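Data first, discussion second: the structure below is written as structure tokens.
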Amino acid sequence: TFSRNVVTVKLANQIGVKPLIKYVRRFGITSPLVPNLSLALGSSEVTLSELASAYTAFANGGRRAEPRFITRVTDSQGNLIDDAAPRVTTAITPETAYMVTSVLQNVIERGTGQRAKDLGRPAAGKTGTTNDLNDAWFVGYTPQLLTGVWVGFDEKRSLGPKETGGRVAAPIWTQFMIRALENEP
């Protein structure tokens, strides 16, 4: 909820770094991961696509959906040529997904992602900020849609003082979700 990372590092130490890396691979993380306890703090770089894909397991009751960039192909008359159904795998139990979603709802309700409360509907999400404030992100979801937002520069440089995921990425996520969900119940 408040990004207090001591507990995360202690948990990673109990689990062990190698089993932790094996575990996160189940969520679709394919980027190289630093095999030390700083991994629990997010010291390894992953893509926003990997991160969003990983969060689908929480949003979908334990089932992770691989990202799709083309969802269907039609001809010039609108006839369906191909419909690309998502590839779905089980990453965690539904009970674990429920518990994680509960924690991620707290992030928005009273934690680092409070700026996402402006969405005005049930949501869960997590903020993130890299060392030296070089990158900031927010991944969040409602029952209808999961979206990730990354803010940063092409080359490594700081976004500036206090430019965290909760401060710069969560508001972008919120404005996008308000528009994307405006016709959803």
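These numbers were taken from a predicted model, which means no experiment stands behind them.
Hydrophobic clustering (ILVMFWY, side-chain heavy atoms < 4.5 Å, transitive): L145 and V139 are in distinct clusters. I92 and V88 fall into different hydrophobic clusters, where Ile, Leu, Val, Met, Phe, Trp and Tyr are joined by side-chain heavy atoms under 4.5 Å apart, directly or via other members. By the criterion of side-chain heavy atoms lying less than 4.5 angstrom apart, applied directly or through intervening Ile, Leu, Val, Met, Phe, Trp or Tyr residues, F58 is not grouped with M99; the two fall into different hydrophobic clusters. Side-chain heavy atoms closer than 4.5 Å link hydrophobic residues (I, L, V, M, F, W, Y) into clusters, and following such links, possibly through other members, connects F27 to L33.
Of the listed residues (T127, V168, T112), just one forms a side chain to side chain contact (heavy atoms under 4.5 Å, CB included) with F138, and that residue is T127. Exactly one residue among V9, V6, T130, N131 makes a side chain to side chain contact (heavy atoms under 4.5 Å, CB included) with L41. That residue is V9.
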Side chain to side chain contact (heavy atoms under 4.5 Å, CB included) for Y55 and K126? Distances and angles first, verdict last.
CA-CA 10 Å; Y55 275 67; K126 181 70 179 89; 3.2 Å; yes
What verdict does the side chain to side chain contact (heavy atoms under 4.5 Å, CB included) test give for R167 and T129, after you've listed the backbone C-alpha separation in whole Å, the side-chain angles of each residue and the deciding distance to 0.1 Å?
CA-CA 10 Å; R167 182 176 166 123; T129 308; over 6 Å; no
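With rounding to the nearest 0.5 Å, the separation of CG in L159 from CG in D132 is 10.5 Å. Taken to the nearest 0.5 Å, the OH atom of Y23 stands 8.0 Å off from the CD1 atom of I15. How far CZ of F153 is from CG of N134: 9.5 Å, rounded to the nearest 0.5 Å. Atom OG of residue S49 and atom CD of residue E66 lie 9.5 Å apart, to the nearest 0.5 angstrom. The CH2 atom of W173 sits 9.0 Å away from the CG atom of L146 when rounded to the nearest 0.5 Å. Rounding to the nearest 0.5 Å places OG1 of T101 at 9.5 Å from CG of N60.
Under a 3.5 Å cut-off, the side chain of T89 and the backbone N or O of R63 do not form any donor-acceptor pair. Side chain of K117 to backbone of I108: no donor-acceptor contact under 3.5 angstrom is found. Judged by distance alone, with hydrogens and angles left aside, the side-chain atoms of T8 form no donor-acceptor pair with the main-chain N or O of A40 at under 3.5 Å. The backbone N or O of A84 lies less than 3.5 Å from a partner atom in the side chain of R68, making a donor-acceptor pair. Of the possible polar contacts, one joining the S44 side chain to the V34 backbone as a donor-acceptor pair under 3.5 Å is found. Looking at E50, its side chain does come within 3.5 Å of a backbone N or O of T30 through a donor-acceptor pair. Using modelled atom types, no side-chain atom of S102 and backbone atom of Y98 make a donor-acceptor pair closer than 3.5 Å.
Contact detail for T47 and S31: the closest heavy-atom pair is N-OG, 4.2 Å. Of all non-hydrogen atoms in P67 and S53, the two that sit nearest each other are CD-OG, 3.6 Å. Scanning all heavy atoms of the two residues, the minimum distance from L181 to R121 falls at O-NH2, 3.2 Å. Closest heavy-atom contact between A170 and G166: CB-O, 3.6 Å. The two residues Y141 and L104 come nearest to each other via the heavy atoms OH-CD1, 3.7 Å. Of all heavy-atom pairs between L51 and I29, the closest is N-CD1, 4.4 Å.
By the 4.5 Å heavy-atom criterion applied to side chains, V151 and D135 are not counted as neighbours. Looking at F176 and V149, their side chains never come closer than 4.5 Å, going by heavy atoms from C-beta outward.
Annotation for L80: atom CG counts as buried by contact number, over 12 foreign heavy atoms lying within 6.0 Å. Other residues, nucleotides and ligands place more than 12 heavy atoms under 6.0 Å from the CZ atom of R26. Around NZ of K22, the count of heavy atoms belonging to other residues, nucleotides or ligands within 6.0 Å does not exceed 12. Residue E45 places its CD atom among 12 or fewer non-hydrogen atoms of other residues, nucleotides or ligands, all under 6.0 Å distant.
With 3.5 Å as the limit, one finds a donor-acceptor pair spanning the side chains of R110 and N106.
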